[in-house]
There are 2 protein chains.
Amino acid sequence: MARAATTSDVYNAIAEPRRRAILELLCEAERAVNDVADELDLDQPSVSKHLRVLREVDLVNVRRDGRRRLYSANADALRPVHEWVTMFERFWSRQLDAIQTRAEARAKRRRRRRNKERR
Amino acid sequence: MARAATTSDVYNAIAEPRRRAILELLCEAERAVNDVADELDLDQPSVSKHLRVLREVDLVNVRRDGRRRLYSANADALRPVHEWVTMFERFWSRQLDAIQTRAEARAKRRRRRRNKERR
DNA sequence: TTGACACATACCGATATCGGAATATATTAA
DNA sequence: TTAATATATTCCGATATCGGTATGTGTCAA
C-alpha cells in the first residue's frame, strides 16, 4: 500500500495548501471555477482537480449556472477535524494563550457589566 | 513535482490516521517506542518511522532513558491547525451545534449569576 | 449550425509515500 | 567482551500524487 488517497479523508484533502486556500475563498461566497483560478493565480485544470477532491470529501457543493459551475464551501465537513484538534486544547501551554486571553476578555466584560449594574 | 512531503507540514503529518492515534496516546503520558507499538498493534519500525515524521514537524518531543526513547506529544504544534479550522466555525450550520449549546450554557450561567446578585 | 466559452478529464513524468523485511546502531547486563 | 534489548534506518515494490498540456463535453450566442 502507498499513501492514502487525498479523497479518502477530510484530513488528507486539506493537507494540500491550495485546497485550503480554495476553501477560504469559497466560504465567503460561491464562485465559478475560473474566478477561483484568477483569484488564486492557478490554472483552470488544477483548480478543477482540486475542487474534485474537495467535492469527494464533501467539503464543497456545486451548483450549475448556465455554462458555469458555482462552488461553495461546506464548512460542516471540517467539524470532525475541529473536534479532533480541540481534544488537545487542554495540553497547550497556557502562557500567552489565545483561550486564556479570550477568557480574560470575557471576565473583564463581566466585571464591567457588574459594575454598571451596581451604580 | 509530486505530493508534498509528510514532513513538510503539520497538516500533512496528521493526515495519516496512525500518526493521529500515536499523538492521542502520547498526550496522556510519554511512552517508549515499543509501548506505542504494543498499544496500537503496530510493528516497531512502522512506529519509529511515524515518530520521525511527527518529530520533524515538532509534534512530539523525545527524551532518552537508558536504551529507550520516551516520546511525548507537543500539542502546541497543533494550534495553527486549530486556528485555521476555527476560522470556519461561523459558517457551520447552527442547529444542534455544540458551540451553540455551550454558548447557551454560558448565557444560562450568566443569567443565574445576575439573578443571584439581584436578590 | 458554428464558434466561443466554461469546465472536466486523460495522459505523462517526477516524486514521495507506506508496509514489510532485513539490517544497523546504541545501550545495558552478564 | 559478548549477548540481549531497544530503537533507527535502509531497501523494496506498489501506488497515488501533482503540475502541465492536450483534449473532451456541454452550454450559450450569433
Side-chain angles (χ1 to χ4, degrees), chain A residues 1-23 25-26 29-73, chain B residues 1-23 25-26 29-73:
Chain A
M1 214 184 289
R3 209 207 290 210
T6 53
T7 55
S8 63
D9 215 299
V10 174
Y11 290 94
N12 280 281
I14 65 169
E16 160 65 51
R18 290 151 217 276
R19 283 198 285 266
R20 288 201 299 278
I22 290 173
L23 273 178
L25 211 57
L26 293 181
E30 60 180 5
R31 272 161 226 261
V33 177
N34 273 313
D35 295 346
V36 174
D38 288 348
E39 298 200 50
L40 297 180
D41 199 38
L42 300 169
D43 48 46
Q44 175 264 312
S46 179
V47 173
S48 280
K49 280 183 276 186
H50 284 313
L51 284 169
R52 180 133 170 70
V53 173
L54 293 173
R55 220 181 46 208
E56 289 199 33
V57 297
D58 200 39
L59 273 166
V60 297
N61 298 116
V62 213
R63 183 168 79 81
R64 305 195 70 131
D65 173 45
R67 57 185 137 184
R68 301 187 309 159
R69 298 198 187 188
L70 299 177
Y71 284 84
S72 56
Chain B
M1 214 184 289
R3 208 205 293 207
T6 53
T7 54
S8 63
D9 215 298
V10 175
Y11 290 94
N12 280 283
I14 65 169
E16 160 66 49
R18 291 150 215 277
R19 282 197 287 265
R20 289 200 299 279
I22 291 173
L23 274 178
L25 211 57
L26 294 181
E30 63 179 4
R31 271 161 226 261
V33 177
N34 273 313
D35 295 345
V36 174
D38 289 348
E39 297 201 49
L40 298 180
D41 197 38
L42 300 169
D43 48 46
Q44 175 265 313
S46 179
V47 173
S48 279
K49 280 185 275 188
H50 284 313
L51 284 169
R52 180 134 170 67
V53 173
L54 292 173
R55 218 181 49 208
E56 288 199 33
V57 297
D58 200 37
L59 274 166
V60 297
N61 299 115
V62 212
R63 185 168 78 80
R64 306 195 70 130
D65 173 46
R67 56 184 139 183
R68 300 188 310 159
R69 295 195 190 193
L70 299 176
Y71 284 83
S72 56

Between protein and nucleotides 1-3 of chain C, what N or O pairs are separated by less than 3.5 Å?
none

(request) Determine the contact category for A:Ser46: base if any of its heavy atoms lies under 4.0 Å from a base atom, sugar-phosphate if only primed atoms, P, OP1 or OP2 are that close, otherwise nothing. (result) sugar-phosphate
(message) For C:dA26 and B:Arg69 - does any side-chain N or O of the residue sit under 4.0 Å from the phosphate oxygens OP1/OP2?
(response) no
(message) At less than 4.0 Å, is any side-chain N or O atom of B:Arg3 found next to OP1 or OP2 of C:dT15? Yes or no.
(response) no
(request) Would you mind classifying the nucleic acid contact of B:Thr6 as base, sugar-phosphate or nothing, using non-hydrogen atoms under 4.0 angstrom? (result) sugar-phosphate
(message) Hydrogens and angles aside, do B:His50 and B:Arg19 bring a side-chain donor and acceptor to less than 3.5 Å of each other?
(response) yes
(message) Does A:Arg20 qualify as a cation-pi partner of B:Tyr11, given the criterion of NZ or CZ under 6.0 Å from the six-membered ring centre and within 45 degrees of its axis?
(response) yes
(message) Judged by each residue's nearest nucleotide on DNA chain C, which is more toward the 5′ side, A:Ala4 or A:Tyr71?
(response) A:Tyr71
(request) Establish, with yes or no, whether the OP1 or OP2 oxygen of C:dG19 is under 4.0 angstrom from a side-chain nitrogen or oxygen of B:Arg18. (result) yes
(message) Please tell me if B:His50 has a side-chain N or O lying less than 4.0 Å from either OP1 or OP2 of C:dG19.
(response) yes
(message) With a cut-off of less than 4.0 Å, is there a side-chain N or O of B:Asn34 near OP1 or OP2 of D:dT7?
(response) yes
(message) Is B:Arg52 close enough to D:dT9 that one of its side-chain N or O atoms is under 4.0 Å from OP1 or OP2 there?
(response) yes
(request) Using only heavy-atom distances, decide whether a donor-acceptor pair under 3.5 angstrom links the side-chain of B:Gln44 to the base of D:dA6. (result) no
